[in-house]
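Quick notes on the structure that follows.
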Amino acid sequence: MQEEKQETRVLAIDFGASSGRAMLGISHGFDIELKEIHRFSNDPVIVNGTMYWDVLRLFHEIKQSLLKAKKEGGVESIAIDTWGVDFGFINKNGTLIGNPVHYRDKRTAGMMEKVFDVVEADRLYHITGNQFMEINTAFQLMAVKEKNEDVFRQAEKLLLMPDLFHYFLTGKITAEASMASTTQLFDAEKKTWSGEVIEALGFPESLFPDIVKSGTVIGELSRELCEELDLEPIKVIATAGHDTQSAMAAVPALEKDFLFLSSGTWSLMGTELDHPILDNSAFKRNLTNETGYGNKTSFLKNIIGLWMIQESRRQWIREGKEYSFSELEKMAEKAKPFRCIIDPDDPIFVPAGNIPKRIRK
């Protein structure tokens, strides 16, 4: 009599910079069934000139995903990926210190130059392998140090976004490797925090949690959360927490030598390597090395992606014109081509706000 294949049920939550979704995965041996059970928007909130992530609402969406998964028959584990570079601080009592600030916030203006005054750009690249962008964690932390240093005195740990959600779910403090590799504070060769960079920039070394590999079981849902949601304990797994690395792990290429284009708010174009490329050629071209599943390296370039379309749509909704993406596509097809040329990578398009007005200007 043929033995029945064991069923595995998992919940994957993918946070993009504009929206999120929860996917139920059911495996019967080699057969995998995927079902979207929850989708929601991810809208930043500007308060007194600072742009924040609405992190408590996002955690509410994780809870809703767990409840919907329960209605679908339950799951054995949950894993979360998010965009890179952003973080929250927790204090010695385990309390979140303020809302995490959005990487598009203006606080990082001029911080890259301040960092280069301390660590020369080529040295920083040869250690971290990260493409230089003002949004990177190192430049955000320099802004905190320059403008709000008392936060460092209160902060016990820095938690990158998936690690912060893991903490909310389990109470456990870790740093998943793929996310750590987006910070410009991570040694691309050694796969550890770079003590040299962290010390040179004057950041407390104790701020940075122990790094765990993608696929590590962090723990289980806390007793309090299980009681609140009427759930049995389920495993919380640190997947490749940076969404690009989760996408790269899913590239359906059979060949070792391939290119991928991961499209979203940002588009990432690159390839998968066994080791990072940290030479002068990569430095001059400002290419990035990030750690993926199985300690692989994704060697890629960040491209502006769909941000301008997404943020333009938000502006039109504010003006009372709620176009769908399908409608925008049809309108674009009818528009006269090449009436003007713009550079989507121009810094004027990086902040949130009235993108159509900036394009016209």
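As a basis for the values below, the full set of heavy atoms in this structure was taken, side chains included, without hydrogen atoms, waters or symmetry mates.
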Has [X] got a side-chain atom pairing as donor or acceptor with [Y]'s backbone, closer than 3.5 angstrom?
| X | Y | answer |
| --- | --- | --- |
| K145 | L201 | yes |
| K70 | D230 | yes |
| N286 | F132 | yes |
| T128 | Q184 | no |
| T265 | W307 | no |
| T82 | F15 | no |

- Message: Does either side chain, that of K296 or that of T291, offer a donor lying less than 3.5 Å from an acceptor on the other one?
- Response: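 Note: K296 and T291 side chains miss the donor-acceptor criterion.
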- Message: Regarding W83 and D243, do their side chains bring together a donor and an acceptor under 3.5 Å, going by distance alone?
- Response: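 Short answer, no.
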- Message: Listing request: all ring-ring contact (aromatic ring centres under 6.0 Å, His included) pairs with a residue in residues 174-230, at least two apart in sequence or in separate chains.
- Response: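 Matches after skipping sequence neighbours: F152-F203, W193-F208.
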- Message: With a 4.5 Å cut-off on side-chain heavy atoms, are Y52 and V47 touching?
- Response: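 In short, these two side chains touch, coming nearer than 4.5 Å.
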- Item | Residue from V118, V115, I127, T183 passing side-chain contact (heavy atoms from CB on, under 4.5 Å) with V197 |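 Exactly one option meets the side-chain contact (heavy atoms from CB on, under 4.5 Å) with V197, and it is I127.
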- Whether over 12 other heavy atoms sit under 6.0 Å from Q154 CD: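 Enclosed: over 12 neighbouring heavy atoms sit under 6.0 Å from CD of Q154.
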